[in-house]
2 protein chains.
Amino acid sequence: MTDTAQFTDWLTHDQQQHWRCYLEGNARLWDALARDLESQTDLSLSEYEILVRLSERKNTAMRMSELADELAQSRSRITHTVRRLEERGLVIRSQTPGDGRGVNCTMTPTGRDVLQQAAPIHVASVRTRLVNVITDEELAVLGRMFARLARQDSDEDHHC
Amino acid sequence: MTDTAQFTDWLTHDQQQHWRCYLEGNARLWDALARDLESQTDLSLSEYEILVRLSERKNTAMRMSELADELAQSRSRITHTVRRLEERGLVIRSQTPGDGRGVNCTMTPTGRDVLQQAAPIHVASVRTRLVNVITDEELAVLGRMFARLARQDSDEDHHC
DNA sequence: AAGAGTTAGTTGAAGGCTCAAATATTGAGC
DNA sequence: GCTCAATATTTGAGCCTTCAACTAACTCTT
C-alpha cells in the first residue's frame with residue numbers, strides 16, 4: 001500500500017492447492033464430528049471435551065484456567081460453557097483451597113453417566129471420519145505437525 | 001448401554017495422542033489466523049474466503065450455492081455473510097439470468113480493493129502459522145489426507 | 001398443463017463465542 | 001503492611017452461526 005511495501009511472498013501453486021484441501025477437509029471434518037455427536041447425544045463438542053478432561057483427573061476436578069489452557073479456549077468461553085454444564089447438573093463449581101481466586105470444576109456422577117454414554121459414539125465418529133480414512137503413518141505425521149504448530153503458537157501467546 | 005451393545009473400539013494410545021495434538025494445534029492455528037486477519041483488516045476469515053473465491057471468477061461473480069459448496073458452509077451462513085458484505089458495499093447481489101431462483105453475488109471494485117489489501121496480510125499469516133513451520137513434504141501429506149476426508153464426507157452428504 | 005417433489009435462497013429466533021470491562025485475590029517491592 | 005501490578009474468573013452486550021420454517025421457481029410425471 002505504501003512505497004516501502006514489499007512484494008508479497010505468495011504461496012506456490014502446490015502449496016496453495018494443499019492449503020485449500022486442508023481448509024475444506026477440515027471444515028467438513030468438524031461439521032461431521034459435531035453433527036455425529038449432537039444428533040446422538042445431548043452434548044456439543046466443547047461440552048464433551050470438558051467432560052473428557054475432567055474424567056482423566058483425580059476426583060474428576062480441574063481449575064477453570066487449566067481447562068482453558070488444555071483445550072486452547074478462552075477463559076470466557078470456558079466460564080460460559082461450564083455455567084451451562086452446571087445448570088444441567090453435569091459439573092459443580094467450588095473455590096480452590098489454596099487460591100481464593102481459583103475455581104474448581106468437578107464432574108458429578110450424572111456428568112460421568114452422560115460422558116460414558118457419549119464416549120463410544122464420539123470415538124466411533126472420530127474413527128469413521130478420520131482415523132479409518134487415513135493410515136497410521138499419516139495420523140502420526142498429522143499429530144507431529146500440529147504438535148509443532150501448537151507449541152509455536154502458544155509460545156507466542158506468552159511472548160510479553 | 002443395552003445388553004446388545006458392542007464393546008467400543010477405542011483408539012490406541014498413540015492414535016489418541018496424535019488425535020489430541022491435532023485437536024489442540026488445529027484450534028490454536030485457527031485462532032491465530034483469525035486474530036492475525038481481524039486485527040489488521042476489516043475482514044473476518046469467512047468474509048475473506050468469500051471474496052477470494054469471487055476474485056477467481058470471470059466478472060468476480062458466483063452463485064450463492066456455488067459459494068456454499070466450495071466453502072463447505074451452509075446456505076444460510078452464506079446468505080447472512082453476503083448480506084453483511086453487501087451492506088458494506090463489498091459485493092452486490094442480482095438475479096441469475098437463466099434460473100429465476102438463483103442469486104449471483106458479484107464483487108464490487110471496493111470489494112476488490114479491500115481484498116487486495118487483506119491478501120498479503122493473510123498469506124503472511126498462513127506462512128508464519130503453518131507453511132513455514134512444516135516441511136513441503138508434510139504440507140503435501142496434509143493436503144492429500146484432507147482431500148480424502150473431504151471427498152468422503154461430502155459423498156456422504158449426497159448419500160440419499 | 002397440473003400437481004408433486006426438488007432445488008435455490010431467505011428469514012428470524014435461539015444460542016454460543018468474543019471482546020472489553022469489572023471484580024476479587026494474590027504477590028512483589030519498598 | 002501498603003501500594004501497584006499481575007492473575008483468576010465472571011459478566012453482559014454484540015455479533016455470528018445454526019436451525020427450522022418459509023417463499024419461490026424449476027422439473028418431472030402423467
Side-chain angles (χ1 to χ4, degrees), chain A residues 27-28 30-39 42-50 61-88 90-106 157-160, chain B residues 27-28 30-40 42-50 61-88 91-106 157-160:
Chain A
R28 291 199 193 280
W30 284 101
D31 259 33
L33 292 173
R35 258 184 299 111
D36 287 347
L37 187 64
E38 283 163 30
S39 67
D42 273 332
L43 293 174
S44 67
L45 277 176
S46 19
E47 292 167 340
Y48 176 83
E49 295 207 303
I50 289 177
M62 275 173 91
R63 286 188 61 159
M64 299 296 278
S65 45
E66 265 186 304
L67 278 170
D69 291 344
E70 283 207 15
L71 298 177
Q73 293 184 6
S74 72
R75 276 109 205 282
S76 175
R77 182 172 171 187
I78 292 290
T79 295
H80 285 304
T81 309
V82 165
R83 180 178 44 68
R84 271 175 254 127
L85 288 173
E86 189 172 34
E87 281 166 3
R88 292 169 53 191
L90 308 189
V91 304
I92 51 171
R93 278 182 287 188
S94 53
Q95 282 208 328
T96 49
D99 188 338
R101 299 164 299 182
V103 171
N104 250 44
C105 177
T106 309
D157 287 348
H158 317 315
H159 70 316
C160 49
Chain B
R28 291 200 194 278
W30 284 102
D31 258 34
L33 292 173
R35 259 185 299 110
D36 287 347
L37 187 65
E38 283 162 30
S39 66
Q40 299 173 65
D42 274 333
L43 294 174
S44 68
L45 277 177
S46 17
E47 292 166 341
Y48 176 83
E49 295 206 303
I50 288 177
M62 276 173 89
R63 286 187 61 158
M64 300 296 280
S65 46
E66 266 187 303
L67 279 170
D69 292 344
E70 283 206 15
L71 298 177
Q73 293 183 7
S74 72
R75 276 111 205 282
S76 174
R77 183 173 171 185
I78 292 289
T79 295
H80 286 304
T81 309
V82 165
R83 180 178 44 68
R84 286 188 294 265
L85 288 173
E86 190 173 34
E87 281 165 3
R88 293 168 54 189
V91 304
I92 51 171
R93 277 182 288 189
S94 54
Q95 282 209 327
T96 49
D99 189 338
R101 298 164 298 181
V103 170
N104 250 43
C105 177
T106 309
D157 286 349
H158 318 314
H159 70 314
C160 47

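Proteins get letters first, then strands, A, B, ... in listed order; numbering begins at 1 in each.
- Listed by chain and number, the residues in a side chain to side chain contact (heavy atoms under 4.5 Å, CB included) with A/Arg63 are A/Ser65, A/Glu66, A/Thr96, A/Asp99, A/Asn104 (sequence neighbours excluded).
- The side chain to side chain contact (heavy atoms under 4.5 Å, CB included) check on B/Ile92 picks up B/Glu86, B/Thr106, B/Thr108, with sequence neighbours excluded.
- For B/Val82, the side chain to side chain contact (heavy atoms under 4.5 Å, CB included) test picks out B/Ile50, B/Met64, B/Leu67, B/Ile78, B/Val91, B/Arg93, B/Cys105, with sequence neighbours left out.
- When heavy atoms are screened at a 4.0 angstrom cut-off, A/Thr81 is found touching the sugar-phosphate backbone but no base atom.
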Check: protein-nucleotides 2-8 of chain D nitrogen or oxygen pairs below 3.5 Å:
from  : atom 1 : to       : atom 2 : distance (Å)
D/dT7 : O2     : A/Arg101 : NH1    : 3.0
D/dA8 : O3'    : A/Arg63  : NH2    : 3.1

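- When heavy atoms are screened at a 4.0 angstrom cut-off, B/Arg84 is found touching base atoms of the nucleic acid.
- Summarising the geometry, the separation between CD on A/Glu87 and C1' on D/dT11 is reported as 14 Å, rounded to the nearest angstrom.
- Note that CG of A/Leu37 is 9.5 Å distant from CD of A/Glu49, once rounded to the nearest 0.5 Å.
- With sequence neighbours excluded, no residue satisfies salt bridge (charged side-chain N to carboxylate O under 4.0 Å, His left out) with A/Arg84.
- Among the heavy atoms of the strands lying under 4.0 Å from A/Ser46 are primed sugar atoms or P, OP1, OP2 only; no base atom is included.
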Run the side-chain donor-acceptor check on residues 69-76 of chain B: report pairs under 3.5 Å with partners two or more places apart or on a different chain.
from    : atom 1 : to      : atom 2 : distance (Å)
B/Glu70 : OE1    : B/Arg53 : NH1    : 2.9
B/Glu70 : OE2    : B/Arg57 : NH2    : 2.6
B/Ser74 : OG     : B/Arg77 : N      : 3.0

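- Across the interface with DNA chain D, nearest-nucleotide mapping of B/Gln73 and A/Thr79 shows A/Thr79 to be the residue nearer the 5′ end.
- Per the geometry, CG belonging to B/Leu43 stands 16 Å off C1' belonging to D/dC15, to the nearest Å.
- The interatomic distance linking B/Tyr48 (OH) with D/dC16 (C1') rounds to 21 Å, in whole Å.
- Remark: B/Arg83 CZ to B/Thr79 OG1 distance equals 9.0 Å, nearest 0.5 Å.
- Partners of B/Ser44 under the side chain to side chain contact (heavy atoms under 4.5 Å, CB included) rule, at least two apart in sequence or in another chain, are B/Glu38, B/Ser46, B/Glu47.
- The nucleotide range of DNA chain C contacted by chain B, defined by atoms under 4.0 angstrom from heavy atoms of the protein and reported 5' to 3', is C/dT7 to C/dG12.
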- What one-letter contact string describes nucleotides 18-23 of chain D from 5' to 3', where B marks a base within less than 4.0 Å of any protein heavy atom, S marks contact via sugar-phosphate atoms alone, and - marks no contact? BB----

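- Each end of the helix from C/dA1-D/dT30 to C/dC30-D/dG1 yields a helix axis from five base pairs, and these two axes differ in direction by 30° (to the nearest 10 degrees).
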